[in-house]
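First the proteins, then the strands, lettered A, B, ... as listed; each starts at 1.
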There are 2 protein chains.
Amino acid sequence: MYSGGVSTPERLIESTRELLWERGYVGTSPKAILERAGAGQGSMYHHFKGKPDLALAAIRRTAQELRASAERVLDGPGTPYERIEAYLRRERDVLRGCPIGRLTMDPDIIASAELRAPVDETIDRIRRRIAEIVEEGKRQGQFAPALDGEEIGATVLATVQGGYVLARAAGSPAPFDAGVRGLLALLAPRTPGQEN
Amino acid sequence: MYSGGVSTPERLIESTRELLWERGYVGTSPKAILERAGAGQGSMYHHFKGKPDLALAAIRRTAQELRASAERVLDGPGTPYERIEAYLRRERDVLRGCPIGRLTMDPDIIASAELRAPVDETIDRIRRRIAEIVEEGKRQGQFAPALDGEEIGATVLATVQGGYVLARAAGSPAPFDAGVRGLLALLAPRTPGQEN
DNA sequence: GTCTATAGATTGATAGAC
DNA sequence: GTCTATCAATCTATAGAC
């Protein structure tokens, strides 16, 4: 339950972000949001048009934060391989899953162009940033010329998103970590004299 | 809506399978199941203890079918690489997602050991089968000895599961196909004289 | 701007007629 | 074995007092 010097709309958005992550859109009721935010029924409908409007505000903020934190890692120091490795290995609460990726399994999100848009944009931007890094690595001779940046970008992001699925199914982060290690082994940069 | 010479419990299970795939567990109501099955309230509670019991029957059947069809491809003809390629490229209704994988984003499925069990078992068995095939490929010299079968198995399955996430976010199967192509490029078998 | 009261629909489940 | 009727609780939303 949020309190402190934070405004009511702010508490509503933060509570919605948490619940969307935990239970998805379909599984999140206004009542649950209001309880967590410590607000009454009227407050929500005063500040937002309804559940979809509040969810949109919450999703936009989560998308923005996720994109920023991913790009901080991808634009950090190191060789192309090292930056992709940093992205794959960065700290994650694996069993909670991806707060943006999980929304793609929500039928009401996918049915609404407005709610799906920030999800699409976030995933697409990260994927394209990885694609650029792979192309950079190809120019530097770190990756094989036969690799396609766009394709590897999709593979990297899919491994992460699918890693969450495997981990949640198993009830353990281990399969996520295994998938990441497998991908890194496949991506391992070519060093002089190395045959694979 | 199911009819024909099919029994009522059968129609209930099939309707539940469809709805779990489309809307997940949280998003599927007994009412919706009954409407699709063309049955009344009483029928469902006569044959099943309730929503979780019916869902369990539906999930077990879907899990069984998915495992069988995946293993048919993985145990088919061809080299280890070709069998993994066949698995990755097999026909999929990409935008519908995986009927088993999507359940991992359902909080009520994950909260129930009984409902999660068939999901876990299905994913785990396919992953281990791929791991065996990778080890077989290593023995044949088709894959680099440095690769770990268990890890690559997780990477392959994660790429598929995550590919669905990317595709549904984009509203197009293209990112799924791109991710698969990227992974296949990384897995590409070593042929005599080839350096990467 | 916040609250409670209330609305009509839907949820998951039960009772009891046929 | 199937149906309709009914249940208490919850859903999303609105009304209106403060």
Side-chain angles (χ1 to χ4, degrees), chain A residues 1-59 103 106-112 114-115, chain B residues 1-59 103 105-112 114-116:
Chain A
M1 223 239 258
Y2 283 93
S3 294
V6 186
S7 71
T8 297
E10 189 60 26
R11 281 181 287 127
L12 288 169
I13 291 176
E14 287 301 315
S15 297
T16 305
R17 296 208 313 146
E18 292 177 3
L19 282 163
L20 285 179
W21 196 353
E22 292 168 20
R23 303 196 44 84
Y25 182 85
V26 170
T28 296
S29 70
K31 190 190 176 197
I33 294 169
L34 295 168
E35 275 173 8
R36 191 171 293 216
Q41 294 279 104
S43 282
M44 170 179 149
Y45 289 98
H46 176 75
H47 295 287
F48 301 94
K49 276 178 268 179
K51 179 182 169 179
D53 189 43
L54 174 52
L56 183 58
I59 292 170
L103 298 175
D106 234 303
D108 293 3
I109 300 279
I110 296 302
S112 157
E114 207 174 14
L115 291 175
Chain B
M1 223 238 254
Y2 282 91
S3 294
V6 186
S7 71
T8 297
E10 189 60 26
R11 281 181 286 128
L12 288 169
I13 291 176
E14 287 300 315
S15 298
T16 304
R17 296 208 314 145
E18 292 177 4
L19 282 162
L20 285 179
W21 196 353
E22 292 168 19
R23 304 196 43 84
Y25 183 85
V26 170
T28 295
S29 70
K31 190 190 175 198
I33 294 170
L34 295 168
E35 276 173 8
R36 193 171 292 216
Q41 294 280 105
S43 282
M44 169 177 149
Y45 288 98
H46 176 74
H47 295 287
F48 301 94
K49 275 179 267 176
K51 180 181 169 180
D53 189 43
L54 175 51
L56 182 58
I59 292 171
L103 298 175
M105 295 303 144
D106 233 302
D108 292 3
I109 300 279
I110 296 302
S112 158
E114 207 175 15
L115 291 175
R116 185 171 63 83

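Closest approach of Leu12(B) and Phe48(B) over heavy atoms only: CD1-CE1, 4.0 Å. Scanning all heavy atoms of the two residues, the minimum distance from Thr16(A) to Ala58(A) falls at CG2-CB, 3.7 Å. Between Thr8(B) and Ala39(B), the closest heavy-atom pair is CG2-CB, 4.3 Å.
Whole-Å rounding puts the Arg11(A) CZ to dG1(C) C1' distance at 11 Å. Rounded to whole angstrom, the span from the CG atom of Leu54(B) across to the P atom of dA13(C) amounts to 10 Å. Taking atom CG of Leu34(A) as the reference point, atom P of dT4(C) lies 11 Å away to the nearest angstrom. Tyr25(B) has its OH atom 12 Å from the C1' atom of dT11(C), to the nearest Å. Nucleotide dC11(D) holds its C1' atom 13 Å from the CD atom of Glu35(A), rounded to whole Å. If you measure from atom CD1 of Ile33(A) to atom P of dT10(D), you get 16 Å, rounded to the nearest angstrom. Atom CG of Leu12(A) and atom C1' of dT2(C) are 11 Å apart (whole Å). If you take CE of Met44(A) and C1' of dC11(D), they are 11 Å apart, rounded to a whole angstrom.
OP1 or OP2 of dG1(C) has not a single side-chain nitrogen or oxygen of Thr8(A) nearer than 4.0 Å. Remark: Tyr45(A) is not in phosphate contact with dT14(D), judged by side-chain N or O atoms under 4.0 Å from OP1 or OP2. In terms of phosphate contacts, His46(B) brings no side-chain nitrogen or oxygen within less than 4.0 Å of OP1 or OP2 of dT2(D). For His47(A), a side-chain nitrogen or oxygen approaches OP1 or OP2 of dT2(C) to under 4.0 Å.
Enclosure of atom CD in Glu10(B) by more than 12 non-hydrogen atoms of other residues, nucleotides or ligands within 6.0 angstrom is indicated.
Where Lys49(A) and Ala32(A) each meet DNA chain D at their nearest nucleotide, the meeting point lying more 5' is that of Ala32(A).
A cation-pi arrangement, defined by a distance under 6.0 Å to the six-membered ring centre and an angle within 45 degrees of its axis, is absent between Lys51(A) and Tyr45(A).
Taking only side-chain atoms of Gln41(A), from C-beta outward, the nucleotide of dC11(D), dC3(D), dT4(C) with the closest atom is dT4(C). Picking from dC11(D), dA13(C), dC3(D) the nucleotide with the shortest atom distance to the side chain of Lys51(B) gives dA13(C). The side chain of Ser29(B) approaches dG12(C) more closely than any other nucleotide in the set dG12(C), dC11(D), dG1(D). Of the candidate nucleotides dC3(D), dC3(C), dA5(D), dC3(D) has the atom nearest to the side chain of Ser43(B).
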* Pairing of DNA chain D as dot-bracket, 5' to 3': ( ) intra-strand, [ ] crossing, | other strand, . unpaired, with Watson-Crick or G-U pairs under 3.5 Å? -> ||||||||||||||||||
* **Chi angles and distances behind the side-chain contact (heavy atoms from CB on, under 4.5 Å) call for Ile59(A), Ile109(A)** => CA-CA 10 Å; Ile59(A) 292 170; Ile109(A) 300 279; 3.7 Å; yes
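Using a 4.0 Å heavy-atom distance criterion, Gly42(A) is classed as a base contact.
The pair Arg23(B)-Asp108(A) meets the salt-bridge criterion, with a side-chain N (NZ, NE, NH1 or NH2) lying under 4.0 Å from an Asp/Glu carboxylate O. Residues Glu22(A) and Arg17(A) are not paired through a salt bridge, judged by the lack of any N-O separation under 4.0 Å between the basic side chain and the carboxylate.
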